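The figures here come from the full heavy-atom set of this structure, side chains too, leaving out hydrogens, waters and symmetry mates. Owing to the predicted nature of the structure, the values given are computational and were not obtained by experimental measurement. If you read the sequence from its start, that first residue is 1, and numbering goes on from there.
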Amino acid sequence: MTCYYVLMIAQKFRFHGHASLKYVFSRGQQSRSKFFSIKWTTNPRRRNPRLAVVVSKKVFKSAVKRNRIRRRVYEIVRPFLTDTPAIDVVISVYAAEVLDASHDELTIQLLPLLHKASLKSRR
């Protein structure tokens, strides 16, 4: 079995508290793909973008598997966080296939959503 050491995103890019997540869920724009749903809204009070990945217990009961999915998604999104505007993004995972899908397949599913949320710059 291959062991990967994946770090979480930096603290300045994380949400702190449930109130800010509720704000994004209630007022954010939404887009969806096969595996993911993404909600985002602008945040003029912040300098950095904030990101959260939500994996429900309906996807996997095991916290270990939910956390592994969360780390895989963070790893795809991390390169785009440094030079983006201040927006709040919540990525919800709806499919259990994310755990076993290849990194390339997850990237193909996630990048168009990030582009819509303007987290990924056009290059």
Side-chain angles (χ1 to χ4, degrees):
M1 178 165 195
T2 307
C3 183
Y4 296 100
Y5 294 100
V6 180
L7 301 174
M8 298 296 286
I9 59 173
Q11 190 162 356
K12 67 181 179 179
F13 298 125
R14 294 187 212 164
F15 280 93
H16 303 287
H18 292 286
S20 51
L21 279 176
K22 286 182 183 179
Y23 180 79
V24 175
F25 277 119
S26 65
R27 292 186 174 84
Q29 298 174 352
Q30 182 177 10
S31 186
R32 190 172 173 138
S33 72
K34 181 178 173 183
F35 297 143
F36 306 104
S37 172
I38 185 170
K39 280 201 160 208
W40 71 91
T41 186
T42 58
N43 191 345
R45 300 160 109 193
R46 299 260 174 202
R47 291 179 160 181
N48 298 315
R50 292 189 298 179
L51 175 76
V53 177
V54 177
V55 184
S56 171
K57 283 187 180 178
K58 291 180 182 179
V59 176
F60 274 112
K61 296 289 185 198
S62 169
V64 173
K65 292 179 181 178
R66 289 195 313 270
N67 288 335
R68 185 172 293 145
I69 289 172
R70 194 172 292 115
R71 286 191 303 266
R72 292 188 75 193
V73 174
Y74 278 137
E75 191 62 31
I76 294 169
V77 178
R78 181 186 330 222
F80 305 113
L81 290 175
T82 54
D83 56 344
T84 50
I87 61 172
D88 292 342
V89 179
V90 178
I91 300 171
S92 300
V93 179
Y94 287 111
E97 293 89 16
V98 174
L99 186 64
D100 297 323
S102 69
H103 183 79
D104 293 335
E105 186 178 358
L106 294 179
T107 303
I108 289 169
Q109 291 288 324
L110 197 54
L111 287 185
L113 299 177
L114 296 175
H115 182 69
K116 285 183 184 178
S118 73
L119 191 63
K120 179 182 178 294
S121 62
R122 293 179 189 242
R123 292 181 196 183

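Tracing side-chain contacts under 4.5 Å through hydrophobic residues (I, L, V, M, F, W, Y), one never reaches Val90 starting from Leu111; they form parts of separate clusters. Residue Ile76 is grouped with residue Ile91 when hydrophobic side chains (ILVMFWY) are merged at heavy-atom distances under 4.5 angstrom, including chains of intermediate members.
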- Please step through side chain to side chain contact (heavy atoms under 4.5 Å, CB included) for the pair Val53 and Val77, ending with a clear verdict. CA-CA 10 Å; Val53 177; Val77 178; over 6 Å; no
- Query: Does the side chain to side chain contact (heavy atoms under 4.5 Å, CB included) test come out yes or no for Ile38 and Val89, once each step is laid out?
  - Reply: CA-CA 7 Å; Ile38 185 170; Val89 179; 3.5 Å; yes
- Item | Worked check of side chain to side chain contact (heavy atoms under 4.5 Å, CB included) between His16 and Gln11 | CA-CA 9 Å; His16 303 287; Gln11 190 162 356; 3.6 Å; yes
Return a table of donor-acceptor pairs under 3.5 angstrom between the side chains of residues 92-103 and protein atoms on other chains or two or more places apart.
residue : atom : partner : partner atom : Å
Ser102  : OG   : Glu105  : N            : 3.1

Atom pairs and distances, donor-acceptor, side-chain atoms in residues 23-37, under 3.5 Å, two or more places apart:
residue : atom : partner : partner atom : Å
Ser26   : OG   : Lys22   : O            : 3.1
Ser26   : OG   : Tyr23   : O            : 3.1
Gln29   : OE1  : Trp40   : NE1          : 3.1
Gln30   : NE2  : Ser37   : OG           : 2.9
Ser31   : OG   : Lys116  : NZ           : 3.2
Ser33   : OG   : Phe36   : N            : 3.4
Ser33   : OG   : Gln109  : OE1          : 3.4

Let me have the donor-acceptor pairs involving side chains of residues 54-65, under 3.5 Å, with sequence neighbours excluded, atom names and distances please.
residue : atom : partner : partner atom : Å
Ser56   : OG   : Lys58   : N            : 3.0
Ser62   : OG   : Val64   : N            : 3.3

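Atom CG of Asp88 is separated from atom CG of Asn43 by 4.5 Å, given to the nearest 0.5 angstrom. The CZ atom of Arg50 lies 8.0 Å from the CG atom of Leu21; values are rounded to the nearest 0.5 Å. Taking CG of Leu51 as the start and CZ of Phe80 as the end, the distance is 12.0 Å to the nearest 0.5 Å.
Taking a 6.0 Å sphere around CZ of Arg46, one finds it holds 12 or fewer heavy atoms contributed by other residues, nucleotides or ligands.
Ion pairing of Glu75 with Arg72 is absent here, as no side-chain N (NZ or NE/NH1/NH2) approaches a carboxylate O to less than 4.0 Å.
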